[in-house]
Every structure is written in C-alpha cells, then in structure tokens.
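For clarity, every value in this text was computed on a predicted model and none was experimentally measured. Starting from 1, each residue takes its place in the sequence as its number.
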Amino acid sequence: MRNALVELSNVVRDVQDPADISFAASRILGEALEVSRAGYGVIDPALETITIERDWNAEGISSLAGVLQFRDYGSYIEDLKRGKDVIIADADLDPRSVEGADALKAISAQAVVNMPLTEQGGLVALLYLNHATARDWLDDEIAFVREVAERTRVATERRRAEIELRELAASLEQQVEERTRDLIAAEEALRQSQKMEAVGQLTGGLAHDFNNLLTGITGGLEMIQIRRAQGRHEDVDRYVHAAQGAARRAAALTHRLLAFSRRQTLAPKPTCVVDLVNGMVDLVMRTVGPAIEVEAVNGVGLWPVLVDPSQLENALLNLCINARDAMPDGGKITIETGNRWLDRRTAVERDMEPGQYVSLCVSDTGTGMSKETISKAFDPFFTTKPIGMGTGLGLSMIYGFTRQSGGQTRIYSELGRGSTICLYLPRHLGEAGTPATPEAEPALAPQAREGETVLVIDDEPTVRMLVVEILEGLGYGALEAIDGAAGLKILESDTRVDLLITDVGLPGGMNGRQVADAARVNRPDLKILFITGYAENAVLSHGHLDPGMHVLTKPFSMEAMKQRITDLLH
C-alpha cells in the first residue's frame with residue numbers, strides 16, 4: 001500500500017485532467033487491494049442516481065459506465081445521504097443490500113465499499129470498490145481507501161480550480177483584447193479627426209500666406225505690363241523688386257513647411273556645436289537688442305554632430321528671437337550645450353532612442369508657456385503672437401529639422417517661470433569640420449568649351465525655358481525632354497551629353513533618379529544635377545548620392561543655377 005501511495009503522489013503531481021486523476025486513483029486502489037472494480041461517480045441525491053464516466057475493471061469484469069439507480073441495489077443510499085460510509089462484506093447477508101443482492105452480484109459487486117464525497121455538507125460524489133465475491137474488508141484496507149479518497153478529492157478540486165482560473169484568465173484576456181481593439185479603433189478615429197483638423201489649419205494658414213504672396217507677385221507683374229504699355233519705365237524696378245521679394249518669402253515659407261514635414265534638402269556635415277554657437281553669439285546679441293543679456297555656457301569636450309550647420313544656425317536664431325519676444329521688458333537668454341547619454345527610461349520620456357546625444361538648449365526668463373500651449377507649439381501656423389508678428393512655423397520648422405537629423409526637440413516651461421527649449425542631436429563618431437569661411441565674390445562664369453552639351457529633363461515648361469536660357473547664355477548646347485522616357489531615349493543614343501539636369505519627380509512612371517541610374521550604365525562618368533522641390537529621400541537614397549551626382553533645391557536663383565553648372569563642368 002505504501003508503494004501505491006507513492007504512485008498516487010506521482011499521478012497527482014504530473015496529471016492535469018481531474019478525470020484522469022480519478023481514474024488513475026481507481027486503478028491504483030483496484031490493483032493494490034486486488035478487487036474486481038474501482039471507480040468514481042457523480043451523485044444526484046434527489047434522483048438517487050450515480051453517473052459513472054469511466055471506471056477501472058479487473059480482467060473479465062464489465063464496466064459500469066453510465067447512470068445507475070441506487071434503489072435497484074438496496075437501501076444503502078440512505079446512509080450515503082447522511083455522509084456515512086457503506087461497507088458490505090456480503091450482499092446476501094447485509095440488511096441494506098439483501099433485497100438487491102442478486103442485482104449486485106449481476107454486476108460483480110457482492111462485496112462493496114462506498115465512500116461518499118461531500119462538499120459544503122452535501123453529497124456530490126462517490127468512491128466505490130466492488131468485488132465479485134464476498135470478502136471481509138480489513139481496517140487497514142479501509143484506512144488506505146480513505147487516504148486515497150482524500151488525496152484524490154484535494155487533487156481534483158485543485159485541478160478544477162486551476163482550470164477554471166485559466167479559463168477565466170483566457171476569458172479576461174479575450175475581453176481585454178476586444179476592449180483594446182475598441183480603444184485602438186476609437187483612438188484611430190480620434191487621430192483621424194485631429195489629423196483632418198490639423199490639415200484644415202495647415203491649408204487655411206498656407207492659403208492665407210500664399211495668397212498674400214501671390215498677390216504681391218502677380219500684382220507686381222501686372223503693374224510692369226501697365227507701365228510698359230504707358231511708356232513709363234521709371235517705376236518698373238520698384239515692381240520687379242516687390243515681386244521678387246514676395247517670391248523669396250514664398251520660397252522661405254515652403255522651406256519652413258518642408259522642414260516641418262522633414263522633407264527639406266539637408267547638407268549634413270560633421271559639426272562642432274560649440275564653434276557654431278560661439279560664431280552666432282554676436283549676431284544673436286545684435287538681433288535681440290541691448291535690453292536682453294545673452295550668455296553662452298558650453299560643455300567641455302563636446303562631441304561632434306552630423307547636421308546641416310546653416311539649418312542649425314537658423315534654428316538657434318529662431319529660438320533666440322522667440323525668447324526675445326517672450327521678454328518684452330528685457331531679461332536673459334542662456335544658450336547651453338552639453339553631452340547627454342540617455343538611458344532607456346530617459347530616452348522614452350523624450351520619445352527618443354537610447355544613446356549619446358549633444359544638447360543645444362535656449363532658456364529665457366520670460367512669460368513661460370501653459371501645458372496647452374506646449375502641446376500645440378509644434379503645430380504649423382500655431383502662434384501666440386499678435387497677427388502679423390509671426391507665421392507660427394518657427395518651432396514646427398525646428399522640430400522637423402531635428403527629427404530629420406535623427407534627433408528631437410523638447411520644451412520645458414511653466415507660466416511665469418520662463419522656458420527652455422532643447423535640441424537633442426545624435427553624436428557623430430568622427431571629427432568635426434572647421435567652420436565655413438565666407439565665400440569670395442564669384443568670378444565671371446567661364447564660357448563653354450566647343451561642343452559641350454547639357455540635357456534638361458523637366459515637365460514644367462517654364463523651368464526648362466529658364467535653364468535652357470542660362471545654358472545658351474553660357475555657350476552650351478541645350479537639349480530638352482519633358483519626361484524620363486524621352487530623356488532616356490536621347491541618353492541611349494550617340495548624342496553628346498556632358499551634363500544631365502533633371503527634375504526628380506517626373507511623369508510617365510520613371511523618376512529622375514531612375515533616368516540617371518539607367519544613363520550611367522552606358523555613360524558611367526556622366527555628371528548629374530538633380531533639381532527638386534523637396535527632399536525625395538527615397539529617390540535620392542536618403543541623402544546618399546553617388547559620386548558626380550548633385551542636388552539643387554527649387555526655387556533657385558538664375559545666378560545659383562549658372563554657378564552650379566559652371567562648377568560641375570569646369
């Protein structure tokens with residue numbers, strides 16, 4: 001019996017299904033006591049029935065699986081209802097079974113042990129042992145049966161509780177998943193609504209500013225026509241300058257929008273932020289005026305960063321101008337740089353990847369910002385300044401620039417306690433370049449050598465006309481194509497082409513980069529100048545151009561195009 005209890009312990013430990021535990025316990029009991037049958041059944045006290053799913057049977061003994069009526073086998077159900085064990089050595093002699101003795105012997109149960117299992121005082125199940133012939137049940141055998149019954153009851157209840165808990169957990173998990181899907185759908189709907197609101201604000205602000213600028217351009221051109229028709233040429237220059245000024249402001253506006261959307265064309269270089277800040281301090285002081293003190297606090301051993309230095313200078317100047325506007329009665333601006341090593345927790349707080357960064361922070365002692373203002377500060381055309389005092393694109397441009405450079409912009413501010421705006425730029429593992437020196441006045445552009453030819457591909461006739469005018473003025477032969485297919489046909493011929501000038505976005509299914517790559521199969525040394533209205537990174541390989549490939553951003557001045565052509569061909 002001791003070995004049987006050890007085996008039962010192993011079953012209780014390893015078997016998961018409560019029904020399998022009950023059957024294994026029945027088998028252990030049957031084999032250990034050498035009886036004809038052993039099993040468990042579920043009791044219905046009201047109907048006085050037992051339902052048996054599976055029992056253990058010795059060789060030659062039939063199973064009792066099914067539903068049995070206790071009254072068919074005697075009156076001992078009364079003892080079971082009271083929670084008493086029923087131990088019968090011989091059904092023919094026990095008064096509780098004598099009337100059903102023949103029925104008991106017919107199912108190989110002349111000797112019987114029935115142990116009721118109760119929960120909360122009620123009869124729920126039965127452990128039973130049957131033997132085909134009469135036999136005496138020894139005290140140690142009955143004690144053994146009770147031990148097995150108790151261990152089995154505890155084990156099966158625990159397994160059922162575990163199963164119910166797993167099912168409950170699965171149900172809760174399913175409910176959480178469904179709830180999460182509902183929340184995601186609701187959040188997506190909210191984001192879409194906010195996106196449409198932002199698009200409305202963006203297009204409204206953009207339309208307002210561009211309509212003003214276009215009025216200056218078209219009005220200036222119309223006035224030139226009117227004055228020419230009148231033979232009055234003295235005012236023409238004034239209208240030309242007005243139209244050009246409006247056009248330049250329109251170009252600046254598009255550059256700010258591209259910066260916000262992280263699609264501006266950048267020229268990143270290894271840059272020392274300390275040198276850049278020191279070179280800007282005088283300009284900042286002149287810009288903000290004498291009522292505001294400017295202090296630069298630079299970290300020691302600052303790491304280099306890979307950024308477009310001119311864009312970083314613009315960002316710094318913009319931040320200082322914003323700081324000045326937040327201090328109408330004067331105050332102090334502090335420009336601070338430092339190395340920052342962000343661990344995972346700190347990086348997550350700033351919506352960044354962990355790693356090494358250089359921070360450039362501008363602090364002021366001004367009015368500060370509310371939480372609501374901070375939450376909208378990077379939105380395009382959002383401004384707290386009076387009408388006509390700001391476009392609302394400064395911070396959005398700075399945010400887009402830092403994100404496009406792999407960094408982040410963060411605002412720290414409280415009402416009445418000033419503001420600090422920090423740019424975080426990734427560390428560049430290399431040496432920083434020296435600050436750029438002012439360019440010398442451009443010399444007269446050299447004329448073309450005999451036979452030099454340039455192919456211009458652009459679907460905009462005005463752009464093609466202007467570029468061809470420049471080329472012919474410099475003495476170059478000019479070829480034109482309106483799309484990639486037409487341009488590639490020329491490039492695949494024997495026609496001489498020394499330089500390809502192509503728009504990046506072209507109609508007809510072939511963009512400028514694809515044309516250039518195809519052209520270089522047969523013309524590997526062909527020089528290429530891309531002209532583009534925005535930084536199509538996917539087309540321009542995320543800013544990594546092959547040798548001999550260059551980019552010029554629209555809108556460009558005629559002088560800039562002339563200088564770039566002569567630089568490339570000479």
Side-chain angles (χ1 to χ4, degrees), residues 251 254-255 257-258 261-268 308 404 445-446 448-570:
T254 58
H255 283 312
L257 287 169
L258 290 172
S261 63
R262 308 176 211 170
R263 287 183 177 273
Q264 65 179 330
T265 302
L266 297 178
D308 186 324
Q404 192 176 352
R449 291 183 286 263
E450 184 178 354
E452 285 186 312
T453 305
V454 179
L455 172 60
V456 181
I457 307 176
D458 200 303
D459 60 311
E460 176 55 52
T462 305
V463 175
R464 288 202 316 274
M465 177 194 73
L466 292 171
V467 176
V468 168
E469 288 280 350
I470 294 171
L471 291 168
E472 291 177 347
L474 293 172
Y476 294 99
L479 302 173
E480 297 181 55
I482 63 171
D483 57 30
L488 189 59
K489 189 174 181 180
I490 296 172
L491 290 164
E492 290 178 341
S493 70
D494 294 332
T495 304
R496 176 174 176 175
V497 177
D498 298 281
L499 171 65
L500 168 63
I501 300 176
T502 178
D503 191 5
V504 175
L506 294 172
M510 179 178 286
N511 61 51
R513 180 58 190 258
Q514 291 169 328
V515 173
D517 290 340
R520 281 201 163 180
V521 173
N522 296 320
R523 301 172 185 257
D525 298 326
L526 178 65
K527 295 182 176 67
I528 296 163
L529 175 61
F530 294 109
I531 50 177
T532 177
Y534 69 98
E536 292 151 298
N537 282 332
V539 174
L540 299 180
S541 301
H542 302 280
H544 302 292
L545 295 175
D546 295 340
M549 291 184 177
H550 305 269
V551 179
L552 183 63
T553 305
K554 298 177 184 176
F556 46 79
S557 68
M558 298 302 100
E559 188 60 41
M561 172 60 81
K562 184 188 298 185
Q563 189 65 45
R564 186 62 66 91
I565 291 170
T566 54
D567 287 346
L568 291 175
L569 289 176
H570 293 272

Heavy atoms of A516 and L500 approach each other most closely as CA-CD2, 4.3 Å

Closest heavy-atom pair, I531 versus M561, reported as atoms and distance to 0.1 Å, is CG2-CE, 3.8 Å

To the nearest 0.5 Å, atom CG of D567 lies from atom NZ of K527 at 12.0 Å

Notebook entry, point to check: Do the non-hydrogen side-chain atoms of R496 and D498 ever get within less than 4.5 Å of each other?
Noted result: yes

What one should report as the nearest heavy-atom pair of A519 and L491 is CB-CD1, 3.5 Å

Exercise for review: Apply the test side-chain contact (heavy atoms from CB on, under 4.5 Å) to residues D458 and V467: give CA-CA distance (whole Å), side-chain angles for both, the deciding distance (0.1 Å), then the verdict.
Suggested key: CA-CA 10 Å; D458 200 303; V467 176; over 6 Å; no

Practice item. Could you go through the side-chain contact (heavy atoms from CB on, under 4.5 Å) check for I501 and I565 one step at a time? Key: CA-CA 9 Å; I501 300 176; I565 291 170; 4.1 Å; yes

ask   = With no hydrogens and no angle check, is any side-chain donor or acceptor of D459 less than 3.5 Å from a backbone partner on D483?
value = no

Nearest heavy-atom approach of E452 to L569 is OE2-O, 4.2 Å

- Query: Taking everything shown except I482 itself, do over 12 heavy atoms lie less than 6.0 Å from its CD1?
  - Reply: no

Separation between CD1 (I528) and OG1 (T502), nearest 0.5 Å, reads 9.0 Å

**Asked** Is the side chain of Q563 donor-acceptor paired with the backbone N or O of A560 at a distance under 3.5 Å, no angle test?
**Response** no

Taken to the nearest 0.5 Å, the spacing of I457 CD1 from E480 CD works out to 11.0 Å

Subject >> Steps toward side-chain contact (heavy atoms from CB on, under 4.5 Å) verdict (D503, E460) >> reply: CA-CA 9 Å; D503 191 5; E460 176 55 52; over 6 Å; no

ask   = Judged by atom type as modelled, is there a donor-acceptor pair below 3.5 Å linking the side chain of R520 to the main-chain atoms of L526?
value = yes

So NZ of K489 and OG1 of T495: to nearest 0.5 Å the spacing works out to 11.0 Å

dist L471:CG -> R464:CZ (nearest 0.5 Å) comes out at 13.0 Å

